[in-house]
Structure formats: C-alpha cells, structure tokens
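Working notes, beginning with the structure itself.
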Amino acid sequence: MIRTRREEAKRSALKAAPLPNLRHALTMMLVLCLTLLALPLRAEEKIIRSHGISAFGDLKYDAGFSHFDYVNPDAPKGGEFSTWAFGTFDSLSPYVLKGNAAALSSVFFDSLLTGNLDEPDAAYGLVADWLEYPESREWVTFHIRPEARFWDGTAITAQDVVFSFEVLRDKGVPVYKVLLKDIQNVEALDDATVKYTFDPDGPLRELVTTVGGLPIFSKAYYATRDFAESTLEPPLGSGAYELLAVDPGRSVSYKRRDDYWAKDLNVNVGQNNFDVLTVEYYTDYTSAFEAFKGGAYSYREEFLSLLWGTAYDFPAIEKGWVKVETLPDGRPAGTQGWWFNLRRPIFADPRVREAISMAFNFEWSNESLFYGLYERTDSFWENSDMQAEGMPSEAELALLEPLREFVPETVFTEPAFVPAVSKPDKVADRRVLRRAGKLLEDAGWTVGDDGIRVNAKGERLRVEMLNDSPSFERIFNPFVENLKRLGVEAVYNRIDNAQLQEREKNFEFDITVRRYSMSQTPGNELRGIFGSETADVQGSNNIAGVQNEAVDALIRVIENAKSREELTTAVKALDRVLRAMHIWVPQWYKPVHNIAYFDMYDRPYTDTPPKTALGEMGLWWFNPEKYQALKDAGAIR
C-alpha cells in the first residue's frame, strides 16, 4: 500500500530508540511535529466516480447511454460466422506460454472494463458497474455488478479479480509480468469491491485500463487445475461464448450463450449477434482460398496480393453469391517486416542490418509480385499522425537531446530514415547493392575466395531466414538471391507453423517475419515489444531483442504523456530512433481492408467501418433470407 510522507515520517519516529526520560520524549515529539510541518501538504484530491475512464479528455458516452453509436441495437441473433486461420493449435489457453492457443479462445472471459470502436482512449464498465479514482490515478476501486456471473451461476467476486491478477502475473505469458509490475497492491475490500494501488512513478495514465482489461477467472475453478498448463478442456468463463466443438489443429467453434449475464448491458447491445463462431485452420494460404471458394467457410480478409490481384473472378462472384469489397482502414498500419535477432553477434553492427535490408527490392516486388497493390512501410506507426517525418521538431529534440549518447547520430543529422528505393525493372538493382556492399565492407565483412563474406576471424556471414508458408516463398526467394549477390550466405528455411512458434519463443532464429498491430494510444504494451526488460524473456513480444536506454526512456515518456499532443511527439521520437537502429526490414502495407464473404450477412455501416476495426464478428449479423437463397442456389453446402 502507498503511504503518505506524513505516515512514513510518523512510522520512522515511532521506530526510534526507547525514550529514557520525559524531556527526551518531549524533544522527540517536537522533532516529529517540526518534521511533519516541514513536509509539503498535498492538496486534497478530487475523487472521481464514473461509469468509464478515458486517457485524455472526456468520455464520449454519458452514464446511462443505451448503446454505442456504431451498432445496430436491433440486430437479430442467429446463424454462424465462419472464417479461417493459418497454422495450427493445440490449446484453449491463450494466456500461458505452453501450447499454441486456438483463435478467439479469449472469448470465454469478461473483464472489469471494455473498450469500444469509437474511442481508442476510453473504456467503460462491463463486470464493473462503476469505478472511482483520484485525479492522480494512483489507485482505483472497481465496484462489481451484483448480476455478474460465471457460467455455473456463481457470482464474480473481488476475490476472483485478485486471483486473476496474481495468476496472470505469476503464471501467465511473460508480457503480463512486465505490464503489471507497477501495481503495488490489489485487495478485495469486500465481495463486490476490489482496489488496485499503483506505483506513483508508473504509467498512471493507463494503469486503470490495463487492470480493468484483464480477463477474470474463477478462483474456485482453478483451485483444482494448474493455470500454467495448456489444455483443451473448455474453461469456466463468464463471456458471451462458450466452446461448441474443437478438432485440434483443424477447427474450433464457439456458441453464444442465451443466458449470458451481460447480453442486455449497454456495452453489448447490438453485438455478439451470431449463434456460432467457427475458425477453420489451414497450413497454406492458397489451399485456404480454394476452400473458401468451395464454401468451407464464409468470410475472408485477403492478405495475399497474388490472390487479390488475379483470383477473385471465380463463378460464385460472377453469380453474386460472394461479395468482394475494399474498405478504408483508419488504424495505424500493421508493423510488419523481417525482424533481426539482435541477440546474434552477426547483427551487432547496424551497418550489417542496413545492408541486408537494402537487398529487398520492394519496388520490383510490388510491380512484379503484388500487382501494385501495396505501399512501402517505413515507420512503425505507418498510416498515422504518429509517424516521424523529416527532421526532428523542437518538441522531439527536447526529448532526444538528453538521450543523445544512446541513439544513432543520424537521428539528429538526417531526416527520419526511409528504406532505399530500388529500380522496379530488375530484381537486382546493382546501384543499391553496391551501396549495401560498401556498408558490409565498412563493418569488416570482406568477400572471400569463394564469394562469401567473412570477418577478421574468418567467420562467414551466414543468415537463416525462417518462414512457415509456401505462399511467401515467391517473396523470400528474390530477397535471398540478392543477399547471395552481396556475398551473404543466405539460407531460406520453410518449417511448419508449430516449429516456427517454438523457435520464436526461444529466440532460435536469425531473421523471422512478424506483424504487430500498433495501438492508436501507445503505452506500456511497448515494453513488451521494444523494452530492455523483455529482451531475454522467453516468449516475449520483443522478438528483435531490443535493449536500448533511449528506447526505454521514450517508452516511459509515452506511458506518462498527459495529452494527445505530448503522446504524439513522444511516439514520433521513438519511431525516429527505432528506424535509425535498423532493427527490421520493413515490408509493405495497404490502408484498406480487402474482404470477401458469402452474401448472408448484414452490417450496421455501409462504406466506412468504425475507425479502429471492421468489427465483423462483433457487429455484423446473420440474414436467414439471404442464407436460404444461397442454399437454394447451391452456393453453400
């Protein structure tokens, strides 16, 4: 628990040696009084009681709101939504390191607060009826709704919330230990009231929503089960969906519970409309597409440009059975690229990493392989106002100058780094490759007699590039060939998805592909991706192994930003530093969603989805008339 400075002074005085006489006692009392008077009085803080909380400014929705604006409150319930996932799974436990969890398996659990698609900065009460906190946000008290229930009918209590926090911190995936390190104490004040107390020096702006967004588990259920073990046993949850069927590695289905305790709550109105959610698994993008054409599942967002550019002309589209659409995406583009394992000595010199990056000819790839559908990614916050551009602003410099010794000098002397632009007519742009070769020579890697670069010790410059999809080979192979032209002994290794996940968890790779969806309000999740404390934590999201004091300091500034303007400035500064460090080979993005689906669904928006997500599984609904028409036409099984 946090104690005030007065309390600490009092405790220190009471711990003094026994008083030998009354005069000594009076003297000590006088010293105590003078000490307390010398301490600055903290003004009484206003205690805020609210139905929600926002990082910056006011909430959009007032207390007692009926539903979020972007939903159809009268959306009918029923039918099935089916989609696909890549790879495999062997667990229904998404919160532990062991096993590979099935898609959507977090759907079992509710949390104290829930977000919405209108406000990236806000959260509203779900299990919590209301919350109270001081203006400083050094603590928060959640008051649990009396009707909140697990599926077995038992009440969700403050003791369950405390248990959930502790088990995630102690046995959950490593990122939780990092996210939750600034929680000093959590206690159940009574069965319906739980209080979190935070480190005053922690990221107070977002800690309330961090703990409010944690899944809530039944303490009684896990009294006889080990939370840390992966399992296919359906867990006891409190959410809108429970397990319907599971075929490990192949498919998983969830069914909506008619008795879901929060089905009529304002934050859920117009959502959770499908009776069944199904995910079919495939180990190849092309085979998954062929299955979609045959009606094996009903909804697909297309990420493979080859298919989007050439294959969406099959009979079901021509007959109007399948709808094909391109919708705008207002979120930051996914941070996708080939990531270097900085734990490897061969990548210690940033010139080596930059040279390898230059061997990827995006311009040729986009014209020859991607049908001109993509744009080159250069920022970790591409497609947002948080992307660094040009030279650093005065506000950015105010953050960067004190960190100068920890960042590349180019941060101050050159515009924000952008990848080399190659000619699109040939896969090998000799001009760019010559520049890359010069970087390797400057870094001490010279071409040997066999054409492979070696360092002063005679060690070969060998890199292994991992991949788990045959559809990606056409992109990897030209990249690998260019690396060989540079004198790099580049090896392309396609392994299965389960092997890839295990090797990434244990950092047993040189270069791998990873995509992160960056928050519109970045905060302490950045510790898990770029923070030094997670660089060597098995299974962490810091896949590159970034360990840099300037990066850590900028993340702390982001966490503690008091306004959107301060946040944007700090994120730009971090973006600028990370790009100058050459920790990845950025790939590509498109500021749209390319989607296709069998025409059996309706949705609450027409051309423009909510800014933060499409919301298809949560907002769309099943149309039985359309479904029957497709069935009568033989479009679906």
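All values below come from the heavy atoms of this structure, side chains included, with hydrogens, waters and symmetry mates left out.
Judged purely by atom type and a 3.5 angstrom limit, R344 uses its side chain to pair as donor or acceptor with the backbone of F509. The backbone N or O of Y299 lies less than 3.5 Å from a partner atom in the side chain of T83, making a donor-acceptor pair. In terms of modelled atom types and a separation under 3.5 Å, the side chain of Y516 and the main chain of N541 share a donor-acceptor contact. Side-chain N or O atoms of R576 include none that pairs as donor or acceptor with a backbone N or O of V411 at under 3.5 Å. The closest donor-acceptor contact from the side chain of K572 to the backbone of M386 lies at 3.5 Å or more, if one exists at all. In terms of modelled atom types and a separation under 3.5 Å, the side chain of S540 and the main chain of T534 share a donor-acceptor contact. Under a 3.5 Å cut-off, the side chain of D552 and the backbone N or O of S532 do form a donor-acceptor pair. W261 places a side-chain N or O within 3.5 Å of a backbone atom of S238 that can act as its donor or acceptor partner. Judged by distance alone, with hydrogens and angles left aside, the side-chain atoms of N542 form a donor-acceptor pair with the main-chain N or O of V546 at under 3.5 Å. At least one donor-acceptor pair closer than 3.5 Å links the side chain of N383 to the backbone N or O of D329.
We find that R579 and D575 are joined by a salt bridge, their nearest charged nitrogen and carboxylate oxygen being less than 4.0 Å apart. Salt bridge present: K255 and E242 bring a charged side-chain N and a carboxylate O closer than 4.0 Å. Salt bridge annotation for D199-K181: absent, with no cationic side-chain nitrogen under 4.0 angstrom from a carboxylate oxygen. With salt bridges taken as basic N to acidic carboxylate O contacts below 4.0 Å, one links E502 and K505.
Checked against a 6.0 Å centroid threshold, the rings of Y221 and F150 do not count as neighbours. Aromatic rings of F217 and F109 (six-membered ring for Trp) have centroids within the 6.0 Å cut-off, being under it. Checked against the 6.0 Å centroid threshold, F380 and W584 count as a close aromatic pair. Under the 6.0 Å cut-off for aromatic ring centres, H582 and F417 qualify, their centroids lying closer than that. In this structure, F472 has its ring center no closer than 6.0 Å to that of Y285.
Residue-environment remark: CD (E565) stays at or below the threshold of 12 foreign heavy atoms within 6.0 Å. For R225, the CZ atom counts as densely surrounded, since its 6.0 Å shell holds more than 12 non-hydrogen atoms of other residues, nucleotides or ligands.
In this structure, the separation between NZ on K590 and CZ on F303 is 6.0 Å, given to the nearest 0.5 Å. Distance CG/L243 to CD/E233: 10.5 Å, rounded to 0.5 Å. The CZ atom of R353 sits 5.0 Å away from the CG atom of L342 when rounded to the nearest 0.5 Å. Rounded to the nearest 0.5 Å, atoms CZ (F56) and CZ (R205) are 4.0 Å apart. D121 CG to L567 CG: the interatomic distance, rounded to the nearest 0.5 Å, is 8.0 Å. A distance of 10.5 Å separates CG of L554 from CG of L526, quoted to the nearest 0.5 Å.
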Could you walk me through whether V513 and W338 pass the side-chain contact (heavy atoms from CB on, under 4.5 Å) test, one step at a time?
CA-CA 5 Å; V513 176; W338 286 280; 3.5 Å; yes

Could you please spell out the steps behind the side-chain contact (heavy atoms from CB on, under 4.5 Å) verdict for D182 and F198?
CA-CA 6 Å; D182 294 304; F198 309 127; 5.7 Å; no

Yes or no on salt bridge (charged side-chain N to carboxylate O under 4.0 Å, His left out) for K98 and D226, after CA distance, side-chain angles and deciding distance?
CA-CA 12 Å; K98 290 186 178 180; D226 186 354; over 6 Å; no

Go through the steps for F347 and I583 under the test side-chain contact (heavy atoms from CB on, under 4.5 Å), then give the verdict.
CA-CA 9 Å; F347 298 133; I583 65 173; over 6 Å; no

Step-by-step side-chain contact (heavy atoms from CB on, under 4.5 Å) determination, L112 to L214:
CA-CA 7 Å; L112 291 166; L214 297 178; over 6 Å; no

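The shortest distance between side-chain heavy atoms of L104 and M617 falls below 4.5 Å. In this structure, the side chains of L236 and Y222 stay at 4.5 Å or more apart for every pair of heavy atoms. You'll find the side chain of N524 reaches within 4.5 Å of the side chain of L207, heavy atoms only. You'll find the side chain of V211 reaches within 4.5 Å of the side chain of F142, heavy atoms only. The closest side-chain heavy-atom distance from L619 to Q271 is below 4.5 Å. Looking only at side-chain heavy atoms (C-beta outward), R494 and F476 stay at 4.5 Å or farther from each other. At a threshold of 4.5 Å between non-hydrogen side-chain atoms, the residues R462 and V491 count as touching. Side-chain contact between F360 and R376: present, with at least one pair of heavy atoms (C-beta onward) separated by less than 4.5 Å.
For the residue pair T88 / N497, no side-chain donor-acceptor distance below 3.5 Å is found, with atom types taken as modelled. Using a 3.5 Å distance cut-off with no hydrogens or angles, the side chains of Q159 and T157 do pair a donor with an acceptor. Between the side chains of Y260 and D110, at least one donor-acceptor pair of N or O atoms lies under 3.5 Å. Using modelled atom types and a 3.5 Å distance limit, the side chains of Q387 and D378 yield a donor-acceptor pair. Looking only at atom types and distance, the side chain of N467 has a donor-acceptor partner in the side chain of Y492 under 3.5 Å away. In this structure, a donor-acceptor pair under 3.5 Å is present between the side chains of D152 and T154.
Results of the side-chain hydrogen bond (donor to acceptor under 3.5 Å, both in side chains) test with T521 over E206, E119, R564 single out R564 as the only residue that passes.
Between V463 and I356, the closest heavy-atom pair is CG1-CD1, 4.3 Å. Minimum interatomic distance between D468 and L500 (heavy atoms only, all atoms of both residues): OD2-CD2, 3.3 Å. Considering every non-hydrogen atom in both N560 and R556, the closest pair reads ND2-O, 2.8 Å. The heavy-atom pair separating L399 from A573 by the smallest distance is CD1-CB, 4.5 Å. Across every non-hydrogen atom of A103 and V252, the tightest pair is O-CG1, 4.0 Å. Considering all non-hydrogen atoms of both residues, T231 and S93 come closest at CG2-OG, 3.4 Å.
Using cut-offs of 30° and 60° on the angle between ring planes, the pair H143 and W130 is parallel. The aromatic rings of Y281 and F89 sit tilted, their planes meeting at an angle between 30° and 60°. The aromatic rings of W84 and F86 sit perpendicular, their planes meeting at an angle over 60°, well past the 30° parallel limit.
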